[in-house]
Protein chains: 2
Amino acid sequence: MVFHFRKQFPQLNLYWDKYLPFQQRLEVPAKTVLLEEGKVSQHYTFIEQGCVRAFFLKDGDDKTVQFFFENEGFSSIDSFVNEVPSSLTIETIEPSVLYLLPRTYVLQLLDELSHEPGFMSMLLKITASRQRHYNDELLSFIRDTPEQRYQRLLTDRPHIIRRVPQHYIASYLAVSTVHLSRIKSKLAKGKPHF
Amino acid sequence: MVFHFRKQFPQLNLYWDKYLPFQQRLEVPAKTVLLEEGKVSQHYTFIEQGCVRAFFLKDGDDKTVQFFFENEGFSSIDSFVNEVPSSLTIETIEPSVLYLLPRTYVLQLLDELSHEPGFMSMLLKITASRQRHYNDELLSFIRDTPEQRYQRLLTDRPHIIRRVPQHYIASYLAVSTVHLSRIKSKLAKGKPHF
DNA sequence: TAAATTTGATAACATATGTTATCGTCACGG
DNA sequence: CCGTGACGATAACATATGTTATCAAATTTA
């Protein structure tokens with residue numbers, strides 16, 4: 001889902017830069033829907049400033065699956081390669097500055113890159129590591145209690161907790177906001193902070 | 001995780017058959033450990049007869065992640081490509097007949113195949129679809145109650161329920177055996193079967 | 001075949017988590 | 001400056017799920 005071209009493959013920057021002119025700059029307020037569940041993603045989106053989440057609806061309330069921040073990009077390779085509709089809605093959390101690269105250019109870029117020696121094996125490694133990531137998320141859901149997942153978030157990715165409103169965190173941990181409050185107050189008791 | 005060479009790519013059978021002589025036939029009783037958590041997988045394993053499960057330990061009891069049956073093969077591409085230790089234990093459920101193809105030959109086979117035109121894109125498609133599968137499993141865990149997951153298993157893959165002892169099903173659904181019993185008896189009330 | 005083990009159901013109680021309601025704080029636009 | 005809404009804490013109660021114990025049936029093993 002996340003796809004860090006620049007970070008993971010700086011040697012591809014030349015190619016990437018060639019497509020910069022085709023990117024569309026977009027400034028949007030918080031709670032702007034960037035991609036709706038059921039529609040096919042039409043852009044690769046890069047976040048220059050702000051913060052975004054992916055979620056789906058279950059009965060009335062939503063379940064957050066992933067957060068994205070500055071200098072991260074997103075799009076579903078699946079959706080691009082196979083033009084399948086997205087199962088997730090993507091929405092800004094904060095006012096954000098985005099750069100959109102239309103689908104056509106992404107495909108063109110991928111095509112160019114495929115002639116680059118070793119690109120395919122890199123792509124395989126990327127997909128393998130993404131897979132490992134999703135695998136870990138799944139295992140964490142099976143293995144850990146909500147409290148443990150919250151603690152992991154706290155130690156591994158504290159910036160998320162600092163920055164994202166708590167009800168989105170609850171939605172991400174798949175617990176109610178009330179229960180997340182309970183978890184926090186329980187942890188606070190154990191470790192007074194002064 | 002699962003990798004259906006033959007099923008998904010019959011045009012590759014020629015290559016595959018070339019390696020048949022290097023396979024080792026293995027007949028094992030139930031509850032035989034085929035791969036231990038923390039060790040690197042040394043074979044691609046094909047199941048001719050029997051049934052196998054992958055699981056990991058959490059505190060005392062185990063969580064089943066996946067079942068495998070006749071004419072299915074398994075191994076972690078990750079583990080093969082990157083030689084990372086497996087996070088899962090793999091164990092037979094029934095007495096089984098297996099064919100093992102050692103790691104070396106698998107790598108050799110992959111190398112040969114990589115010269116086959118279009119193989120890489122096929123591999124990408126495979127990994128994409130595996131990813132979708134794991135994604136769906138994760139979403140199902142977030143979205144559905146244990147009861148709903150059981151019903152889905154019942155309608156989508158009834159052979160698993162028919163064949164696998166119930167405590168493994170409970171372990172797969174990540175509920176206690178007691179609760180699975182409750183679910184079953186509740187469903188039985190709603191729909192008497194005669 | 002008899003004993004031992006595995007499998008599954010059920011009851012009773014304990015714990016985890018959800019739901020609803022209430023309250024307080026804070027930010028922001030009139 | 002005030003109202004309004006977003007955000008978060010907490011209490012009270014409801015429901016879901018786990019744990020332990022017990023029993024019965026089926027299956028394996030000696």
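Labels below follow one simple rule: chain letters A, B, ... track the order of the sequence lines, proteins then strands, and each chain is numbered from 1.
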Whole-Å gap separating C1' (dT15(D)) and NE2 (His179(B)): 11 Å

Assuming nearest nucleotide by heavy-atom distance, tell me which of Glu147(A) and Leu180(B) is located more 5' along DNA chain C. Leu180(B)

Run the salt-bridge test on Arg25(A) and Glu27(A) with the 4.0 Å N-O cut-off and return the result as yes or no. yes

Whole angstrom is fine here: how far is it from CZ in Arg182(B) over to P in dT10(C)? 11 Å

Whole-Å gap separating P (dT15(D)) and CD1 (Ile183(B)): 17 Å

Taking all non-hydrogen atoms of both residues into account, name the closest pair between Tyr168(B) and Phe67(B) and its distance. O-CZ, 3.8 Å

For a quick test of reading the model, state the closest non-hydrogen atom pair linking Cys51(B) to Ser96(B) and the distance between them. N-OG, 3.3 Å

For dA6(D), take OP1 and OP2 only and decide whether either is under 4.0 Å from a side-chain N or O of Gln166(A). no

Rounded to the nearest angstrom, tell me the gap between atom OH in Tyr150(B) and atom C1' in dT17(D). 17 Å

Check against side-chain contact (heavy atoms from CB on, under 4.5 Å), Gln49(A) and Phe69(A): CA-CA 7 Å; Gln49(A) 180 54 232; Phe69(A) 300 93; over 6 Å; no

Identified side chain to side chain donor-acceptor pair (under 3.5 Å) counterpart of Arg53(A) within the set Thr89(A), Thr64(A), Thr92(A): Thr64(A)

Quick one: do Glu37(B) and Lys58(B) make a salt bridge, cutoff under 4.0 Å? no

Using whole Å, what does the distance between atom C1' of nucleotide dG18(D) and atom CD1 of Ile142(A) come to? 17 Å

To the nearest Å, give me how far apart NZ (Lys186(B)) and P (dT15(D)) are. 12 Å

Which whole-number value in Å describes the distance from Lys63(A) NZ to dT17(C) P? 13 Å

Please confirm whether Arg143(B) makes a cation-pi placement over Phe56(A), using NZ or CZ under 6.0 Å from the six-membered ring centre and within 45° of the ring normal. yes

How do Val178(B) and Lys31(B) order along DNA chain C: which one's closest nucleotide is nearer the 5' end? Lys31(B)

Which nucleotide sits closest to the side chain of Pro146(A): dT17(C), dT17(D), dT19(D)? dT17(C)

Which whole-number value in Å describes the distance from Ile93(A) CD1 to dC7(D) P? 10 Å

Are OP1 or OP2 of dA9(D) and a side-chain N or O of Lys184(A) less than 4.0 angstrom apart? yes

Of all of residues 167-177 of chain B, which get a heavy atom below 4.0 angstrom from DNA chain C, listed by number? His167(B)

